[in-house]
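Okay, structure first, notes after.
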Amino acid sequence: MKRTDINTAGGSPAQGPGRFNSSTILYLVLLALALVAPAVLYPIFLVKVLCVALFALAFNLLIGYGGLLSFGHAMFFGGASYITGHAMLVWGWPTELGILVGVVFSTLLGVVAGLIAIRRQGIYFAMVTLALAQMVYFIFLQMPFTGGEDGIQNVPRRAVFGFIDIANDTTLYYVVLTIFVFGFLFIYRTIHSPFGQVLKAIRENEDRATSLGYHTTRFKLLAFVLSAGLAGLAGATKVVVFQIATLTDVTWQMSGEVVLMTLVGGLGTVFGPVVGAAIIITMQDYLATFGEWVLVIQGVTFVIMVSLFRRGVVGEIAALINRVR
Amino acid sequence: MPDIVDRSVHDGRLALKVVDLNAWYGESHVLHGMSFDIREGEVVTLLGRNGAGKSTTMRSIMGMLPTRKGSIIFNGKEMISMPSHHIAREGIGYVPEERGIFSSLNVQENLELPPVLKKGGLSTQEVYVLFPALLERRNSQGTKLSGGEQQMLAIARILRTGVKFLLLDEPTEGLAPVIVQQIGGIIHTLKERGYTILLVEQNFRFASTVADRHYVVEDGKIVDRIMNADIASSTEKLRGYLGV
Amino acid sequence: MLDVLNISMPMLFGQLTLGLINGAFYALLSLGLAVIFGLLNVVNFVHGTQYMLGALFAWMLLHYLGIPYWGALLLAPVGVGLVGAVIEVTLLRRLYSVDHLYGMLLTFGLVLIIEGFFRWLYGASGMPYSNPLPGGTNLGFMFAPNYRLWVVVFSVAVCFGVWYLIERTKLGSYLRAAIERPDLVQAFGINVPRMITLTYAFGAALAGLAGVLAAPIYQVNPLMGSNLIIVVFAVVVIGGMGSIMGAIVTGFGLGIIEGLTKMIYSEASNTIIFVIMAIVLLIKPAGLFGSQK
C-alpha cells in the first residue's frame with residue numbers, strides 16, 4: 001500500500017473545465033483585492049506576506065504535487081538573498097539583475113542539492129535536505145562576504161529598470177505583487193501542464209509511473225530545481241524589500257517555518273501556502289513582543305494542525321464545501 | 001442438550017460462532033455478513049477463490065483489521081470489540097498465510113516468539129521431537145528455511161502456546177505434494193489430540209482429506225455449506241464455485 | 001608525517017578522545033532514532049531535544065534538589081523516558097495510520113515547544129555543570145581527563161548493552177519481530193501498543209542519558225539538541241537505519257573523523273559529516289549498512 005495521505009488535501013476544487021468560469025472569476029476577484037489592499041493595510045506588511053507566500057508556494061510545489069517534503073528550503077531562500085544582497089551592495093548591480101543572479105544561484109544550488117537528495121525517498125529525503133541545508137548554513141556562516149552574525153546590511157533599493165522608483169512603499173508593493181503573480185502563474189501553469197500530471201502520477205505511485213516509461217528521477221529533479229529557483233526568487237525579492245540579508249533566512253528554523261505555513265494553509269492546495277503565510281506572518285507580528293513564546297506558539301500550531309487538521313485551513317474549507325454540495 | 005446445526009457430525013460444544021461479520025480495509029467493504037460456526041473438535045474449511053474473503057475472515061477474527069462489525073463469539077465470549085492480543089489470549093492460535101516467519105529472528109527465536117497462553121502446550125523439546133528438521137536448523141535465519149519447513153515452523157510455534165483452537169490460513173499453498181501430505185498428517189494428529197481447526201483452502205481435494213465440513217465463500221459471504229461425506233456428489237458444484 | 005601538519009601527539013589524542021565522545025553521542029542518538037523509526041515509523045525530530053532534556057534535568061536535579069551527577073545519571077534518563085511515554089500515548093499514537101511525514105512534522109513542533117519554553121525559562125546561554133570526576137590519568141601515550149575517559153568507556157558499554165539487548169535477548173526478539181510485522185506479533189498475544197510506548201520511552205531515555213553525559217563537557221543549554229539532531233540525521237542517512245551495529249560503528253567512526261578534521265582543517269569540521277553524507281548518497285544511496293526501503 002502506497003502512502004499518499006499527505007496529498008489528499010482537497011486539491012483545487014475548481015479544476016474541472018465546467019467550473020472554468022467560476023474559478024476565473026475567483027482569481028480576478030482576488031487580484032482586484034490585491035490591487036486595492038495597500039489602501040487598507042500597511043504596504044510593508046503586505047510585501048512581507050507576498051515574499052513569504054511565494055516561498056511557501058515554491059515549497060508546496062514540491063510537497064503538494066511531487067510528494068517530496070523538503071526540510072531544507074531555507075538554503076535557497078536565504079542563499080539567494082545573500083547573493084542578491086552582495087551583488088547589489090558590493091558590485092552595485094541594478095535591482096532586476098540582482099534578483100536574477102540570486103535566482104540563478106538558487107537554481108544551480110537546487111540542481112546540486114537535488115541530485116543528492118532525490119536518491120532517497122520519503123522521510124530520508126526530508127532528512128537529507130535538512131542536512132544539506134545545514135551544511136549550506138555553515139558555509140555561509142564562515143564565508144567572509146556574508147558578514148557573519150551581522151549579515152549584509154543597507155542593500156540599496158534601486159529603481160527597477162531604471163525608472164520605477166521603489167523607495168516609495170506603495171510602488172514597491174506593486175512591483176512585488178507583479179513578481180508574486182508571475183511566480184503564482186508559473187506554478188499554476190506547471191501544475192496543470194503535462195509535466196505536472198506526470199509529477200502527480202509519480203507522487204501517487206512511483207513504481208507505476210516508472211513502469212509507464214517515465215524517468216521519474218528526472219521529473220523529480222526538475223520539480224526540485226523549479227521549486228529551488230522560485231524559493232530563491234522569494235528570497236531575492238525579500239532582500240530588495242528589507243535591504244538586509246541575514247543568517248536567520250538560512251537556518252533550519254526558516255526551513256521549518258515554510259513547512260508550518262504550508263501545513264497551516266493546506267498542503268497541496270493552490271491557495272493554502274498564501275493563506276498560511278498570511279496567518280503566520282500576522283501571528284508573528286502580533287506576538288513579536290512575546291519573545292520565546294513565539295516559538296512555543298508555532299510549535300503548538302504544528303502539533304494541533306498535524307493532530308487535528310491535516311488538510312489545513314484551505315483544505316478543510318474545500319472539504320466542507322464538498323460536503324455541503 | 002446441544003442444538004442441532006447442519007446435521008453436524010459433532011455434538012461438541014460450540015467453539016466459535018460468527019454472525020453477520022462485516023469488515024473493511026479503509027474505505028473498501030470486504031466482508032458482507034459472514035456467518036458460520038465450529039464445534040469443539042471439528043476441522044472446518046473455508047473454501048473459495050482468490051480474493052473471496054477467506055483470509056480476511058481469519059484476520060478479522062484475530063482483530064487485525066481496523067474496522068469490523070457483527071458478532072464473534074468464542075467459548076461463549078463476545079470478541080468483536082477486543083484488541084488483537086486479548087483475542088489471542090482467549091485461546092486462539094493463528095498461522096497466517098505465507099506463514100509469517102520473521103527474517104530477523106532465527107528458527108529457535110521464531111519458535112519461542114508466541115508466548116505460552118494456556119497450560120498443556122508442547123515444550124520446545126517436544127516440538128523438536130515432532131519436527132526434527134527444525135532442531136537441525138534452529139540457529140538459521142527463519143526465512144532461510146524451505147517453504148515446507150517454514151510452514152512446519154509456523155504451525156509448531158503455535159503448538160507451544162497451549163491453545164486448542166487453530167486458524168490455519170492456506171497451509172499447503174505453494175508446497176510440493178509430499179509436503180502437503182505431511183501437513184495433512186499433522187492436521188489429522190492435531191484433530192486426534194482434540195484440537196479444533198478452522199482451515200482456509202483453495203485446494204478442495206486436500207480439504208476433503210482432512211475436514212469434517214466445508215463452507216464456500218464468495219464475495220465476502222458464505223454461499224454454501226457442504227458436509228465432507230457429500231463431497232463426492234458435490235464435486236461438480238464445487239468446481240463451479242472454485243473455477244477449477 | 002604528523003610533524004609536517006604541525007600536529008603534536010597530545011593534541012592528536014586529545015582530539016581523538018573528543019571525537020570518540022561526540023561519536024558516542026552520535027551512536028547513542030542514532031541507535032534510539034533507528035529503533036524508534038523501526039517500530040513506530042516516526043522520524044523522531046524531538047530526539048535532540050530529549051538529549052537536551054537529559055542534560056537539563058541533570059542540572060535541575062543538582063541545582064534544585066542537590067542530587068549529584070551519579071544520581072542524575074539514573075534519574076534524568078528515567079524522567080526523559082517518562083516524558084517520551086506521555087508524548088507517545090497522547091500524540092504520536094494518532095499518527096501511525098497516516099503518512100510517516102506527519103510524525104516528523106509533529107515532533108518538529110514539539111522541538112519548538114520544548115526549546116522555546118526552556119529558552120524563556122533559562123535563556124540561551126550555557127549553564128555550567130561541574131565535573132564529577134576531576135583530574136586526569138596518565139595513559140603513557142597521553143594524559144587523559146578522567147571524566148572523558150569515563151564517558152568513552154561507559155558509552156561504549158551502553159551501546160553494546162543495547163546491541164545485546166536487541167539482538168540477543170527474548171525481549172529483543174519481540175522488538176525485532178514487531179518491527180517486521182506488528183500486527184502478527186499482536187495476534188500472538190503480545191501487547192504491541194504497550195511495547196511501542198516502552199520502545200519510544202527507551203529511545204528517548206537513551207538520548208537523555210547521552211545528554212547527562214554531555215552536561216559536564218558542553219555545559220547545559222536549551223539549544224544544545226537542535227543542532228546535534230541534524231548531524232545525527234546525517235549520521236543515520238550515512239549508516240542506514242537497518243542495523244544496530246551499523247549505527248554504533250557509523251556513529252563512532254564519524255565522531256573520530258570529525259575530531260581529526262578539526263585538527264587538520266578546522267574550517268571544515270562543521271560540514272565534514274554532511275559532505276560525507278552527500279558522497280555516500282551518490283555512491284551507495286541506501287547507506288553503508290542499509291538496505292533500500
Report summary line: Here the pair of heavy atoms bringing A:R120 nearest to C:G287 is NH1-N, 4.2 Å
Requested in this report: State whether the number of non-hydrogen atoms from other residues, nucleotides or ligands found under 6.0 Å of A:F290 atom CZ is greater than 12.
Outcome: no
Query - A:L295 side, atom CG; C:I114 side, atom CD1 - distance, nearest 0.5 Å - result: 12.5 Å
Query - OH (A:Y214) with more than 12 external heavy atoms under 6.0 Å - result: no
Query raised in the report: A:W252 vs C:F45 aromatic rings, parallel, tilted or perpendicular, using cut-offs 30° and 60°?
Result: tilted
Report task. To the nearest 0.5 Å, tell me how far A:L308 CG sits from C:R94 CZ. Result -> 6.0 Å
Requested in this report: Would you mind listing every salt bridge (charged side-chain N to carboxylate O under 4.0 Å, His left out) that reaches into residues 282-300 of chain A, with sequence neighbours excluded?
Outcome: A:E292-C:R119
Query - Inter-residue atom distance A:L132.CG - C:I230.CD1, 0.5 Å rounding - result: 11.5 Å
Query raised in the report: Is it the side chain or the backbone of C:V231 that comes within 4.5 Å of chain A heavy atoms, both, or neither?
Result: neither
Requested in this report: Mark yes when over 12 heavy atoms from residues, nucleotides or ligands other than C:R181 sit less than 6.0 Å from its CZ; otherwise mark no.
Outcome: yes
Report task. Name the option with the most non-hydrogen atom pairs under 4.5 Å to chain C; the candidates are A:V294, A:L115, A:I116. Result -> A:I116
Requested in this report: For side-chain contact (heavy atoms from CB on, under 4.5 Å), just list the numbers for C:L112 and A:F302, CA-CA rounded to whole Å, side-chain angles, deciding distance to a tenth of an Å, and then say yes or no.
Outcome: CA-CA 9 Å; C:L112 300 182; A:F302 249 113; 4.0 Å; yes
Report summary line: Between the CG atom in C:L281 and the CD1 atom in A:I118, the distance rounded to the nearest 0.5 Å is 11.0 Å
Query raised in the report: Among all residues two or more places apart in sequence or in another chain, which pass the side chain to side chain contact (heavy atoms under 4.5 Å, CB included) test with C:I272?
Result: C:I257, C:E258, C:T261, C:I276
Report summary line: For A:V259 and C:L105, the nearest pair of non-hydrogen atoms, with its separation, is CG1-CD2, 3.4 Å
Query raised in the report: What part of C:L282 gets closer than 4.5 Å to chain A, counting heavy atoms only: side chain, backbone, both or neither?
Result: both
Query - Derivation of the side-chain contact (heavy atoms from CB on, under 4.5 Å) call for C:N270 and A:Q142 - result: CA-CA 10 Å; C:N270 280 328; A:Q142 286 170 357; 3.4 Å; yes
Query raised in the report: If you measure from CG on C:N227 to CD on A:Q134, what distance do you get to the nearest 0.5 Å?
Result: 5.5 Å
Report summary line: Heavy atoms of C:L106 and A:S307 approach each other most closely as CD1-OG, 3.4 Å
Query - Reported CG-to-CZ distance for the pair A:L130 and C:F274, which is rounded to 0.5 angstrom - result: 7.5 Å
Requested in this report: Please test C:Y102 against A:L263 for side-chain contact (heavy atoms from CB on, under 4.5 Å), starting from the C-alpha separation and ending with a verdict.
Outcome: CA-CA 10 Å; C:Y102 285 114; A:L263 180 68; 4.3 Å; yes
Query - Contacting region of C:L95 [heavy-atom separation from chain A under 4.5 Å] - result: side chain
Requested in this report: Answer with side chain, backbone, both or neither: which region of A:F71 has an atom nearer than 4.5 Å to a non-hydrogen atom of chain C?
Outcome: side chain
